[in-house]
There are 2 protein chains.
Amino acid sequence: MNSTAKNCAALAKRLTDSGLRPTPQREVVFKVILEKRDHPTADEIFARVKSQMPTISLATVYNCLETLVQCGLVRQVNLERAPTRYCPNLHEHAHFHDDATGQVHDINLPADTLKQLRSLLPPGFDASTVELAFRGSKGSARAKLAEGRAAARSGAN
Amino acid sequence: MNSTAKNCAALAKRLTDSGLRPTPQREVVFKVILEKRDHPTADEIFARVKSQMPTISLATVYNCLETLVQCGLVRQVNLERAPTRYCPNLHEHAHFHDDATGQVHDINLPADTLKQLRSLLPPGFDASTVELAFRGSKGSARAKLAEGRAAARSGAN
DNA sequence: ACAAGGATTTAGAATTATTCTAAATAGAAC
DNA sequence: GTTCTATTTAGAATAATTCTAAATCCTTGT
């Protein structure tokens with residue numbers, strides 16, 4: 001069994017496990033992403049896929065990509081399609097995007113951590129900026145529950 | 001001198017230092033960003049500014065924001081307005097965006113570094129994803145020169 | 001004061017990536 | 001084989017941003 005066939009089998013399994021169908025379109029989109037690992041955009045993927053399947057539509061490419069991401073078979077590099085946000089905090093800091101509220105919080109980023117991150121870069125890579133973003137929810141149900149219990153114990157308002 | 005006046009003075013200095021003019025529009029845009037530090041989008045800034053200056057246009061807000069960013073007075077949180085990119089590398093990793101070529105490279109991200117980054121979050125913040133992106137240029141002129149010298153020394157092809 | 005010239009603002013058109021919609025097609029299950 | 005649901009498709013719609021060209025505003029030289 002060659003590598004392409006193996007990947008297709010893996011894809012089919014992941015899809016059926018999620019109650020989704022392994023279609024030719026999903027296969028070919030997955031294949032071109034594996035073929036040339038250069039972080040292509042949806043448009044680039046569309047162009048590459050069209051040479052093998054000229055009738056495919058761009059909407060289908062977007063659909064397939066969404067499915068593949070959901071199945072955990074590919075990652076999207078550039079989550080941040082939300083509008084650009086502006087902040088007057090000029091100190092080095094990271095951001096926390098709260099999925100629940102849509103709010104963005106500043107997270108302090110120590111200078112030595114930043115230096116350490118830069119040191120991850122192989123020689124020849126020279127980063128002018130480092131962006132660190134967390135995404136999740138603030139005060140999960142468990143945390144809220146804990147807070148509530150603490151408040152009850154201390155007899156607070 | 002109150003804080004608003006001080007900020008305006010700082011703004012005016014930065015602008016004139018860069019050969020730009022301190023205009024009422026730039027002042028009011030800067031003011032609303034300082035006023036409520038909640039990482040507003042351009043649209044939100046537009047709405048807030050309009051209550052003080054109803055004739056301002058959205059294009060001007062974008063222009064002012066660009067100017068303020070250029071002067072180093074505000075930062076944009078969400079650089080990534082380029083199209084979303086997809087990658088089949090499912091291991092935890094960071095990305096390096098090469099400004100010169102537009103290419104994106106994977107950077108290995110050790111598990112303990114990742115854990116360390118998560119530990120920066122204050123209690124109650126629960127991150128489901130961590131995104132680390134570098135931006136810069138690969139193989140600067142200086143690095144290329146050094147490579148060249150090394151090659152010459154070792155008599156390589 | 002006044003004219004020239006560049007910077008800035010403005011409204012609206014254009015662009016770009018993406019999502020939505022509704023109809024057509026294709027498979028799976030009974 | 002019919003029914004049901006998933007998927008694909010083309011094109012319209014949306015949303016953030018940038019572009020364009022005209023109007024306005026300042027600054028500077030005279």
Side-chain angles (χ1 to χ4, degrees), chain A residues 8 11-32 39-50 52-71 73-74 76-86 97 102 104, chain B residues 11-12 14-32 39-50 52-71 73-74 76-86 97 102 104:
Chain A
C8 279
L11 168 63
K13 181 165 179 358
R14 284 289 186 104
L15 288 170
T16 48
D17 282 359
S18 312
L20 300 166
R21 295 179 189 161
T23 67
Q25 286 87 346
R26 284 168 180 170
E27 262 176 31
V28 69
V29 166
F30 188 43
K31 192 149 78 74
V32 306
H39 304 84
T41 65
D43 251 339
E44 286 163 352
I45 293 167
F46 181 46
R48 293 175 199 178
V49 160
K50 258 208 294 213
Q52 299 177 53
M53 185 185 277
T55 60
I56 200 171
S57 79
L58 178 57
T60 302
V61 170
Y62 273 104
N63 290 342
C64 293
L65 288 172
E66 200 193 341
T67 312
L68 293 175
V69 170
Q70 274 170 8
C71 291
L73 286 161
V74 314
Q76 28 193 0
V77 170
N78 205 4
L79 278 273
E80 289 310 342
R81 290 300 310 169
T84 304
R85 290 170 179 280
Y86 297 85
H97 298 251
V104 178
Chain B
L11 168 63
R14 283 288 185 106
L15 289 169
T16 49
D17 282 359
S18 310
L20 300 166
R21 295 178 190 164
T23 68
Q25 286 87 347
R26 284 168 180 171
E27 262 176 30
V28 71
V29 166
F30 188 43
K31 192 150 79 77
V32 305
H39 304 85
T41 64
D43 251 340
E44 287 164 349
I45 293 167
F46 181 45
R48 294 176 199 179
V49 160
K50 257 208 295 215
Q52 298 177 53
M53 186 184 275
T55 60
I56 201 172
S57 79
L58 179 57
T60 302
V61 170
Y62 274 103
N63 289 343
C64 291
L65 288 171
E66 200 193 340
T67 313
L68 293 176
V69 169
Q70 274 171 8
C71 292
L73 286 162
V74 314
Q76 28 193 0
V77 170
N78 205 2
L79 277 273
E80 288 311 340
R81 290 300 312 168
T84 304
R85 289 169 179 281
Y86 297 86
H97 299 251
V104 179

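Below, chain A is the first sequence line, B the second, and so on; all start at residue 1.
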[X] [atom1] - [N] [atom2] separation (whole Å):
X	N	atom1	atom2	result
Ile56(B)	dT8(C)	CD1	P	14 Å
Glu66(B)	dT8(C)	CD	C1'	13 Å
Gln25(A)	dT7(D)	CD	P	11 Å
Leu58(B)	dT10(C)	CG	C1'	11 Å
Met53(B)	dA11(C)	CE	P	12 Å
Leu11(A)	dT7(D)	CG	P	12 Å
Arg26(B)	dC25(D)	CZ	P	15 Å
Phe46(B)	dA11(C)	CZ	C1'	10 Å

Find the distance between CD (Gln25(A)) and CZ (Phe30(A)) and round it off to the nearest 0.5 Å.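 So the CD of Gln25(A) and the CZ of Phe30(A) are separated by 16.0 Å.
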Look up atom CD1 in Ile56(B) and atom CZ in Phe46(B), then write down how far apart they are to the nearest 0.5 Å.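 Nearest 0.5 Å value for the CD1-CZ distance: 7.5 Å.
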Going by heavy atoms in the side chains, are Cys71(A) and Leu15(A) under 4.5 Å from each other?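 Yes, close enough: below the 4.5 Å cut-off.
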Phosphate OP1/OP2 of dA26(C) contacted by Thr23(A) side-chain N/O (<4.0 Å):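 Answer is no, no contact under 4.0 Å.
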Short side-chain N/O contact to dA28(C) OP1/OP2 from Arg21(A), under 4.0 Å: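 So the side chain of Arg21(A) is outside the cut-off, no N or O lying under 4.0 Å from OP1 or OP2 of dA28(C).
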Among [options], which nucleotide sits nearest the side chain of [X]?
X	options	answer
Tyr62(A)	dT7(D), dT18(C), dA10(D)	dT18(C)
Thr55(B)	dT10(C), dA17(C), dT9(D)	dT10(C)
Leu20(B)	dA26(C), dT8(C), dT17(D)	dT8(C)

Just call it for Asp43(A): base, sugar-phosphate, or nothing, with non-hydrogen atoms closer than 4.0 Å on any strand.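 Here Asp43(A) touches the backbone only, sparing every base.
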Under 4.0 Å between any heavy atoms, over every strand shown, what does Thr60(B) touch: base, sugar-phosphate, or nothing? Just pick one.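 Contact class for Thr60(B): base.
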Considering the options Leu73(B), Leu65(B), Leu20(B), which one meets the side-chain contact (heavy atoms from CB on, under 4.5 Å) requirement together with Arg26(B)?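 In the set Leu73(B), Leu65(B), Leu20(B), the residue that makes a side-chain contact (heavy atoms from CB on, under 4.5 Å) with Arg26(B) is Leu20(B).
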Criterion side-chain contact (heavy atoms from CB on, under 4.5 Å) on Asp43(A) and Leu58(A), from CA distance to verdict: CA-CA 8 Å; Asp43(A) 251 339; Leu58(A) 178 57; 4.1 Å; yes
